Number of protein chains: 2
Amino acid sequence: MSAVARKTRRAVGADNVSLKSEFVAFKTNRIIEVASRLFYQSGYSSCTLDNVAEQLGVTKPFLYSYFKNKEAILAAICEVGISEALAVLEATLAGDHKNHRDLLAEVVRQVGRIVIDRQEYVVVYQREMKHLSADDHERILRLRHSFDHQIAELIREGIEAGEFREDTDSFVAVWIGGLISWIPTWYSPGGQRSADDVIDQLVTAALRLAGAEKPTN
Amino acid sequence: MSAVARKTRRAVGADNVSLKSEFVAFKTNRIIEVASRLFYQSGYSSCTLDNVAEQLGVTKPFLYSYFKNKEAILAAICEVGISEALAVLEATLAGDHKNHRDLLAEVVRQVGRIVIDRQEYVVVYQREMKHLSADDHERILRLRHSFDHQIAELIREGIEAGEFREDTDSFVAVWIGGLISWIPTWYSPGGQRSADDVIDQLVTAALRLAGAEKPTN
DNA sequence: TGAAAAAAATACTGGCCAGTATATCCTTTT
DNA sequence: AAAAGGATATACTGGCCAGTATTTTTTTCA
């Protein structure tokens with residue numbers, strides 16, 4: 001990967017600022033990719049920046065030219081963890097759907113997919129958020145609240161439309177969030193269950209919680 | 001508390017071994033009680049034994065006369081986290097119940113109660129288990145597997161008895177486990193929702209997942 | 001090509017912290 | 001009352017690690 005990086009850098013002309021910043025983005029991505037895996041495995045506080053650097057084939061001061069400090073790396077990871085989920089949620093909500101039941105199913109499917117694909121980021125986000133600086137913590141929390149709020153709203157509208165059982169209350173949004181968030185603690189890629197199975201079952205479970213039957217595929 | 005401790009100790013006669021060991025147990029309990037709260041708040045790796053000692057009004061070497069090292073304190077916390085849940089599960093399973101639906105409801109209610117009451121222990125157990133020594137890790141994991149297995153068995157029997165929807169598959173045990181385990185990440189005592197509300201809604205949700213209606217109270 | 005600039009490495013520091021060696025205090029026993 | 005033993009504190013150590021100062025290597029471009 002270091003060889004590729006070198007080659008790419010060579011191709012960056014001085015007059016081409018955008019390519020250069022893309023390259024910086026590429027390196028920051030590599031850093032948080034490796035860091036998220038290590039933080040996931042051994043925990044933020046136990047994982048040293050020397051570990052991260054070693055895994056990347058660079059040295060610690062290298063990291064400091066891309067991130068202000070260790071906490072900034074954590075913040076970047078947390079941001080991926082929540083903002084990608086938020087992005088697919090909003091994209092799905094913006095699309096067209098027959099009814100609320102189908103919309104909920106699709107939302108759960110898409111978010112579930114992200115949570116599985118970005119397992120390390122999501123778990124680090126959930127587990128280590130408390131180590132963020134006050135500013136970062138607040139920023140991330142705002143994203144989270146937006147996420148929760150939109151899910152709750154979807155449920156509320158579905159109840160109003162009579163598509164979910166009317167004794168379904170606002171708790172259901174929390175339970176569905178729990179279903180999704182809990183996946184990374186037991187699902188491991190390459191285990192007995194395929195990601196597709198897990199997601200199918202997740203959708204079924206979410207619809208049952210909402211009191212809506214599984215849509216006929 | 002230290003004053004109480006002193007008085008109690010004075011009452012321990014040399015000829016009364018059982019009282020003395022009870023007193024040791026009392027102190028080890030106080031230690032893991034405080035440690036679980038601090039590990040819960042700031043994470044195992046970030047929390048120092050000096051912090052724990054200070055919170056207890058003692059000094060670090062004091063802790064070392066009750067626990068071999070930091071990891072042993074973590075192991076004790078994890079053990080409470082899982083073994084109390086396992087204990088109420090088994091006690092509930094051992095009792096008499098009309099049918100599988102009521103039994104599932106009661107199990108979920110009891111385990112949910114423990115998870116809320118022992119929030120700090122449960123979260124530390126979930127989050128920090130990877131920092132246990134190989135031996136402790138294996139011991140704790142055995143308890144967890146026993147728990148999971150008994151829940152899965154209960155679901156299987158309920159399906160067989162025709163009390164849960166037959167298209168309910170073994171995944172449901174995992175989803176119900178997720179519902180319960182996720183509670184501590186969003187429930188906080190003294191918030192808007194009372195523990196009793198949460199538990200009632202939890203039971204409803206679990207029964208929906210299993211495809212069994214809520215029992216008429 | 002070679003001077004300047006940029007990127008990355010080596011080498012270091014200061015503080016923190018798990019764990020321990022030693023001292024003190026308090027209780028029990030005679 | 002004083003020696004013995006147990007409980008707890010004080011004082012220390014060695015290693016680790018985030019963050020930095022300095023040097024070396026690589027790239028740029030005149």
Side-chain angles (χ1 to χ4, degrees), chain A residues 1-17 19-21 23-28 30-31 35 38-39 42-75 128 131-133, chain B residues 1-17 19-28 30-31 34-35 38-39 42-75 128 131-133:
Chain A
M1 181 51 68
S2 159
V4 172
R6 211 151 292 186
K7 198 180 279 183
T8 311
R9 176 142 33 94
R10 216 169 265 133
V12 173
D15 52 346
N16 192 330
V17 174
L19 249 189
K20 184 172 180 180
S21 74
F23 188 63
V24 168
F26 171 76
K27 283 196 264 188
T28 49
R30 280 285 298 152
I31 292 172
L38 295 181
F39 291 178
S42 44
Y44 172 70
S45 302
S46 314
C47 177
T48 75
L49 291 187
D50 286 314
N51 295 153
V52 175
E54 186 189 353
Q55 200 69 30
L56 274 163
V58 297
T59 59
K60 185 167 52 175
F62 175 90
L63 306 177
Y64 279 86
S65 50
Y66 292 91
F67 291 93
K68 188 169 145 281
N69 51 31
K70 193 182 180 187
E71 186 267 328
I73 297 178
L74 177 61
E128 315 285 3
H131 293 115
L132 291 176
S133 70
Chain B
M1 182 47 71
S2 159
V4 173
R6 212 151 288 185
K7 197 180 280 182
T8 311
R9 176 143 33 92
R10 216 170 265 135
V12 173
D15 51 346
N16 192 330
V17 173
L19 249 191
K20 184 172 180 179
S21 75
E22 258 177 47
F23 188 64
V24 168
F26 170 76
K27 285 196 263 188
T28 49
R30 280 283 299 152
I31 291 173
V34 167
L38 295 181
F39 291 178
S42 45
Y44 172 69
S45 303
S46 313
C47 178
T48 74
L49 291 188
D50 286 314
N51 295 154
V52 176
E54 186 189 352
Q55 199 69 30
L56 275 164
V58 298
T59 59
K60 188 166 53 176
F62 175 91
L63 305 177
Y64 280 87
S65 50
Y66 292 91
F67 291 93
K68 189 168 142 281
N69 52 31
K70 192 181 179 186
E71 186 267 329
I73 297 179
L74 177 61
E128 313 287 3
H131 293 116
L132 291 175
S133 70

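Everything numeric in this text was worked out from a predicted model, so none of it was measured. To find a chain, count down the sequence lines: A is the first, B the second, and so on, and within it residues start at 1.
- With rounding to whole Å, B/Glu54 atom CD is found 17 Å from D/dT8 atom C1'.
- Under the rule for a ring-ring contact (aromatic ring centres under 6.0 Å, His included), B/Phe67 has no partner lying at least two apart in sequence or in another chain.
- Applying the side chain to side chain contact (heavy atoms under 4.5 Å, CB included) criterion to A/Ser46, with sequence neighbours excluded, gives B/Ser45, B/His131.
- Rounded to an integer number of Å, the gap from A/Phe67 CZ to D/dT20 P is 16 Å.
- Contact record, B/Leu49 with B/Leu63: O-CD1, 3.5 Å, taken as the closest heavy-atom pair.
- Under the side chain to side chain donor-acceptor pair (under 3.5 Å) criterion, B/Tyr64 pairs with no residue, sequence neighbours left out.
- Within the 4.5 Å cutoff, no side-chain heavy atoms of A/Ile73 are placed close to those of A/Tyr66.
- If you measure from atom CZ of A/Phe62 to atom C1' of D/dT20, you get 17 Å, rounded to the nearest angstrom.
- Overall bending of the helix from C/dT1-D/dA30 to C/dT30-D/dA1, expressed as the angle between end axes built from five pairs apiece, is 0° (10° steps).
- The interatomic distance linking B/Tyr66 (OH) with D/dT8 (C1') rounds to 9 Å, in whole Å.
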Any protein N or O atoms within reach of nucleotides 16-19 of chain D? Criterion: under 3.5 Å, listing atom names and distances.
from, atom 1, to, atom 2, distance (Å)
D/dA18, OP1, A/Lys70, NZ, 3.3
D/dA18, OP2, A/Leu49, N, 3.0
D/dA18, N7, A/Lys60, NZ, 2.6
D/dG19, OP2, A/Tyr64, OH, 2.9
D/dG19, OP2, A/Lys70, N, 3.0
D/dG19, O5', A/Tyr64, OH, 3.3
D/dG19, N7, A/Lys60, NZ, 3.0
D/dG19, O6, A/Lys60, NZ, 3.0

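- Scored by the side chain to side chain donor-acceptor pair (under 3.5 Å) test, B/Thr48 finds B/Asn51 as partners (sequence neighbours excluded).
- For A/Glu71, the side chain to side chain contact (heavy atoms under 4.5 Å, CB included) partners at least two apart in sequence or on another chain are A/Tyr44, A/Asn69, A/Ala75, A/Leu132, A/Ser133, A/Asp136.
- The salt bridge (Lys or Arg N to Asp or Glu O under 4.0 Å) analysis of residues 60-70 of chain B, with sequence neighbours excluded, yields the pairs B/Asp50-B/Lys60.
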